[in-house]
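Below is one structure; the comments refer to it alone.
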Amino acid sequence: MEISTFTDEYELAAALYGVTPERLREIDGLHKERRPRWIAADDGDALGVVTSHLRGDDRLFGYFGGDLARTAGPLAATVAAALRRDLHVSVDETDTPAFLAAGFRRVRAEDRFRVPFAAVLDRLGEHTVPEGHTLLTADAADPARLLELDTELRQDVPGSECWAPDPVWFREETFDSPCFSADGYLVAVDDETGEYCGLARFWRNTDGPRLGLLAVRATHRGRGLGAALLWQAARAASRWGFDEFTAESDPSTDVMHGWLTRLGGIRTGADVELVRERLTLEPVATRHGHGYVSMIEECDLGGEGYPWNNAPLACTDFPAFAAELADEAAGIGLPDGVAPQRTFVLVKDGIEVLGEFRLRPVISEPYEEHNGHVGYNMRPSVRGRGYATRGLALLLDEARRLGVPGVLVTVEGDNDASARVIEKNGGRVIRSFEGARSFWIDL
């Protein structure tokens, strides 16, 4: 399979996305910034496509099309390597298996709804604006203050907690968007203080209105302001020529999810957000052979050697080495008193092995005093870049999943760099002995 950077292959990319070339050109033309795209092909046949987009919350999203089972993994690795970021996707729930198999992990899900305007307007009734408040259309609002309100409100929306767009991006994506319609975008103002305290935003999409956000500042909740905003904005959007609108809501947001259900919303499916982290912690497997052996060789060249696990076997028969580690994790063939150990590699961009991390979920003497629950080592060329700190954090997540209440980590000698890695992950010294320090990390 070959993966190439998209230049002007609209016929190929459009077919993979299920749209016409003209429509894909039109979509590209709506975006102010360049969105890199790649195409995967086999013997000249286009199989998959991905378009990347850096959102206002500084998260990179990929939009995939084509044969996901065959191309999601290679395309995701290409994007991550080229743009050097974790890669997020939001896909229909039916497509999640292909992305899980490609090294993504599930983050959260949003239910999708179709909501009849008539039901909303009828069940809410004519909701008057609470006394002491005024509603403005977005075109009459101050853009800087509206951006401040939007950013604050998004912190309570799952998946948008880090949203922090700059003013230029916000203006272009809001007021310059072809989907912007001022009558469906309302802002609530506190008459006494002039504070912007809530908003309701309907996007005027070509395939029908979409409720993008309905939220009220915490200090103004419980006054009926949210219902008033929704009623007024929905009444305006209902005049755009459609009988219903779409909306999404995370089931964990009890208020919004409950409203959509009570107001006649019909669940049509779910969008699942997944992430393929640039750094992943993976059980050692045959596919890691080349990277693992190169790590051993790099340590050997530096004069350190590689005293961890069965390095000679890894260099001569890596599948047998991986099988040996799997047995060790399961406690198969271990001498009495030797604790089972799970061995992982820290992988960058799905390819490069940066280091090895070892976890003993249960320990006893002599491991309790001299080895502890955790051990790790990094290849020399990547030390000092924060990778060990991230790798240990991922290993602690594994320990939590196994129900381990806390871990003991031992540092030999005056290895202050390793001590800092442990301290950054919440470790505290509990004892010192024979030139070593034992740290404890509560989980």
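Heavy-atom basis, side chains included; hydrogens, waters and symmetry copies ignored. All values reported here derive from a predicted model rather than from experimental measurement.
Taking CD of Glu282 as the start and OG1 of Thr343 as the end, the distance is 14.0 Å to the nearest 0.5 Å. Taken from CG in Asp67 to CG in Leu16, the straight-line distance is 9.5 Å, to the nearest 0.5 Å. Annotation: the span from Arg201 atom CZ to Arg210 atom CZ amounts to 8.5 Å, rounded to 0.5 Å. Distance check: Arg37 CZ to Leu75 CG gives 12.0 Å after rounding to the nearest 0.5 Å. From Asp150, atom CG reaches atom CZ of Phe170 across 4.5 Å, with rounding to the nearest 0.5 Å. Taking CG of Leu394 as the reference point, atom OG1 of Thr280 lies at 8.0 Å (rounded to 0.5 Å).
Ion pairing between a basic and an acidic side chain is recognised when a charged N comes within 4.0 Å of a carboxylate O; Arg401 and Asp397 show no such pairing. Using a cutoff of 4.0 Å between basic side-chain nitrogens and carboxylate oxygens, Glu110 and Arg108 are scored as salt-bridged. Ionic pairing of Arg221 and Asp156 is present here: one or more N-O contacts between side-chain nitrogen and carboxylate oxygen are shorter than 4.0 angstrom. Ionic pairing of Arg276 and Asp86 is not present here: no N-O contact between side-chain nitrogen and carboxylate oxygen is shorter than 4.0 angstrom. Salt bridge Glu273/Arg59: present, at least one basic N to carboxylate O contact under 4.0 Å. A salt bridge is defined here as a Lys NZ or Arg NE, NH1 or NH2 lying under 4.0 Å from an Asp or Glu carboxylate O, and Arg23 with Glu26 meets this definition. Electrostatic pairing of Arg437 and Glu412 does not count as a salt bridge here, judged by no charged N lying under 4.0 Å from a carboxylate O. With respect to the salt-bridge test (charged N to carboxylate O, under 4.0 angstrom), the residues Glu248 and Arg112 do not qualify.
Scanning all heavy atoms of the two residues, the minimum distance from Ser52 to Arg35 falls at O-CB, 3.1 Å. The two residues Leu229 and Gly198 have their closest heavy-atom pair at CD1-C, 3.8 Å. Heavy atoms only, all atoms of each residue included: Ile39 and Ala46 are closest at CG2-CB, 4.2 Å. Minimum interatomic distance between Pro361 and Leu402 (heavy atoms only, all atoms of both residues): CG-CD1, 3.9 Å. Closest of all the heavy-atom pairs between Val284 and Ala322 is O-CB, 4.2 Å. In terms of heavy atoms, Gly427 sits closest to Ile441 at CA-CG1, 3.5 Å.
One side chain, Glu9 or Thr7, offers a donor N or O that lies under 3.5 Å from an acceptor on the other. Checking His257 against Asp111 by side-chain atom types alone, a donor-acceptor pair falls below 3.5 Å. A side-chain donor-acceptor contact under 3.5 Å links Ser381 and Glu298. With no hydrogens or angles considered, no side-chain donor-acceptor pair links Arg25 and Tyr10 at under 3.5 Å.
The backbone N or O of Leu408 sits less than 3.5 Å from a side-chain atom of His373, completing a donor-acceptor pair. Using modelled atom types, no side-chain atom of Asp42 and backbone atom of Asp45 make a donor-acceptor pair closer than 3.5 Å. Side chain of Arg342 to backbone of Phe357: no donor-acceptor contact under 3.5 angstrom is found. With Thr174 contributing its side chain and Arg171 its backbone, the two residues share no donor-acceptor pair below 3.5 Å. Proximity of a side-chain donor or acceptor of Ser294 to a complementary backbone N or O of Gly291 within less than 3.5 Å is detected. Without hydrogens or angle criteria, Ser181 side chain to Arg204 main chain gives no donor-acceptor distance under 3.5 Å. No donor-acceptor pair closer than 3.5 Å links the side chain of Asn205 to the backbone N or O of Asp207. A side-chain donor-acceptor contact under 3.5 Å links Asn425 to the backbone of Val421. No donor-acceptor pair closer than 3.5 Å links the side chain of Asn309 to the backbone N or O of Ala311.
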| field | Test ring-ring contact (aromatic ring centres under 6.0 Å, His included) applied to Tyr185 and Phe202, step by step | value | CA-CA 6 Å; Tyr185 190 156; Phe202 279 88; over 10 Å; no
| message | Evaluate Phe344 against Tyr376 for ring-ring contact (aromatic ring centres under 6.0 Å, His included), listing each step before the verdict. | response | CA-CA 9 Å; Phe344 303 85; Tyr376 65 89; over 10 Å; no
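Side-chain atoms of Tyr292 and Val345, non-hydrogen and from C-beta on, do get closer than 4.5 Å to each other. Counting only heavy atoms from C-beta outward, the side chains of Val407 and Val404 approach each other to under 4.5 Å.
Among Phe64, Phe61, Tyr17, the single residue meeting the side chain to side chain contact (heavy atoms under 4.5 Å, CB included) criterion with Thr51 is Tyr17.
The aromatic rings of Phe318 and Phe321 lie tilted to each other, with the angle between the two planes from 30° to 60°. Relative ring orientation between His53 and His31 is described as parallel, the plane-to-plane angle staying below 30° on a 0-90° scale split at 30° and 60°.
Within 6.0 Å of CD in Glu304 there are more than 12 heavy atoms belonging to other residues, nucleotides or ligands. In this structure, Asp28 places its CG atom where more than 12 heavy-atom neighbours from other residues, nucleotides or ligands lie under 6.0 Å away.
Cation-pi geometry between Arg145 and Tyr196 is met: the NZ or CZ atom falls under 6.0 Å from the ring centre, inside 45° of the normal.
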